[in-house]
Amino acid sequence: VTWREYHTASSRAAAEAEVAVRDNAGDRALLLYRQAAEAEEAALSVLDPAKRRTLGITAVSAVALWCKGRDYGRAKQLVDRLAGQDLPPFATRQIGEILALDEPVGPERSRSIKRSVRQMWEALQRRSSSGNAAARRTGT
Amino acid sequence: MPRLDIKALSERHHAITPAIAADLYEAACVCLQRHHTSPQTFDLDDEGNTTEVEVEWDEPDERTLGARAGERPTTEAGASAIVVAAVEHARGLFAVARADVGSGADYYLLPNGVPFDDLEEAVRLEVSGVNRGLARRVRRRLSEKVRQVRRGDDNLPAIAGVVGFEPRLVVLQELEILS
């Protein structure tokens, strides 16, 4: 299965989820967002990492979809995996913004997990930035 | 006069499913009907090159107007229908993919018939809609969107498109390729 096939499946599920949100079918929307996120993660896994723009767009989309599906446990796993990848700067920034979005509804436990994912991402970014700075200083 | 076909987007745009096309079209009908009756002539300003296009829609019933009373989400969805049809008309570009971002989704465009296996060369479309106000408000919103896209640090190309429903104006601006 190719990136395009997985991404198309993800887009379709996400689009259906949007319609479900508008129809006030909250549970169905969550399920569809999670299906979309699963497919987007699969798209990431088959993508040639040299395709950095596509990698960044797909990564942002996958994180956003897990958050929209309120599965912050899976979002956390994905963020952990992405931290080891060479994402383009726009993707790093957008993932930070998604994780910083307020979560006005949902149980406190979910909001708490999301906060911890955001903190983890911020810490990984700080570590990455200081590593890059050190590499620049030593010329490595 | 050429017509913007906002109704059957899913037949031409791979990224827009029939369900989403119906949703966007319904929203556009509500946005248009707030100020006008069908059909209307819109100015389509593509980088200063302005042409007139006709926009035709079905009058929404009371139930639809009530269900779509939320101004912001309806304007956003309605704007997507108009702007996607406008870039198709003006540039021959079609939505091949969508990607979720914070609260919404971005569309990615390619010329018709170009096969896509990734989004490396696709054009990102940044959409916005203005429900009420004069043309200068629409142009001001375009400037804001352009700044937003540039600040985004994304590998361009990208197109920003804004529709003003009351002044009957669509403006498009392409952002230069930085990388």
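Order of the sequence lines sets the chain letters (A, B, ...), proteins ahead of strands, with each chain counted from 1. Since the model is a prediction, treat every value here as computed from it, not as a measurement.
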Problem set entry | Pairwise distance CZ(B:Phe116) to NE2(A:His7) - rounded to 0.5 angstrom | 6.5 Å

Problem set entry | Joint cluster assignment, B:Val162 & B:Leu4, ILVMFWY side-chain distance < 4.5 Å | no

Exercise. How about A:Arg53 and B:Arg124: do any of their side-chain heavy atoms sit closer than 4.5 Å?
Worked result: yes

Exercise. Are B:Val96 and B:Val114 joined in one hydrophobic group, where the rule is that I, L, V, M, F, W and Y side chains link up if heavy atoms are under 4.5 Å apart?
Worked result: yes

Seminar exercise, completed: Separation between CG (B:Asp100) and OG (A:Ser11), nearest 0.5 Å, reads 7.5 Å

For this session: Treat each ILVMFWY residue as a node, draw an edge where side-chain heavy atoms are under 4.5 Å apart, and state whether A:Val19 and B:Val84 are in one component.
Result: yes

Seminar exercise, completed: Looking only at heavy atoms, the pair that brings A:Ala15 and B:Ile20 closest together is CB-CG1, 3.1 Å

For this session: Might you confirm whether atom CG of B:Asp61 has over 12 heavy atoms from other residues, nucleotides or ligands at distances under 6.0 Å?
Result: yes

Seminar exercise, completed: Honestly, the part of B:Glu121 sitting under 4.5 Å from a heavy atom of chain A is backbone

For this session: Determine, stepwise, if the pair B:Glu26 / A:Arg22 fulfils side chain to side chain contact (heavy atoms under 4.5 Å, CB included).
Result: CA-CA 12 Å; B:Glu26 186 183 88; A:Arg22 201 173 59 69; 3.7 Å; yes

For this session: Measure the spacing between CG of B:Asp117 and CG of A:Asp48 and express it to the nearest 0.5 Å.
Result: 11.5 Å

For this session: Mark yes or no for whether B:Glu120, through its side chain, and A:Thr54, through its backbone, hold a donor-acceptor pair below 3.5 Å.
Result: yes

For this session: Answer with side chain, backbone, both or neither: which region of A:Thr8 has an atom nearer than 4.5 Å to a non-hydrogen atom of chain B?
Result: side chain

Problem set entry | Pair B:Asp118 + A:Lys51: basic N to acidic O under 4.0 Å | yes

Exercise. Measuring from B:His14:NE2 to A:Arg4:CZ, what's the distance to the nearest 0.5 Å?
Worked result: 4.5 Å

Exercise. Should the heavy atoms of other residues, nucleotides or ligands under 6.0 Å from CZ of A:Arg81 be counted, would the total exceed 12?
Worked result: yes

Exercise. Quick one: do B:Trp57 and B:Leu169 end up in the same hydrophobic cluster if we chain Ile, Leu, Val, Met, Phe, Trp and Tyr together by side-chain heavy atoms under 4.5 Å apart?
Worked result: no

Seminar exercise, completed: Most contact-rich option vs chain B, by heavy-atom pairs under 4.5 angstrom, among A:Glu16, A:Glu97, A:Glu40, A:Glu18, is A:Glu18

Problem set entry | Joint hydrophobic cluster, B:Ile82 plus B:Val171, side-chain heavy atoms closer than 4.5 Å | no

Exercise. For A:Trp3 and B:Leu119, which heavy atoms make the closest approach, and how far apart are they?
Worked result: CH2-CG, 3.6 Å

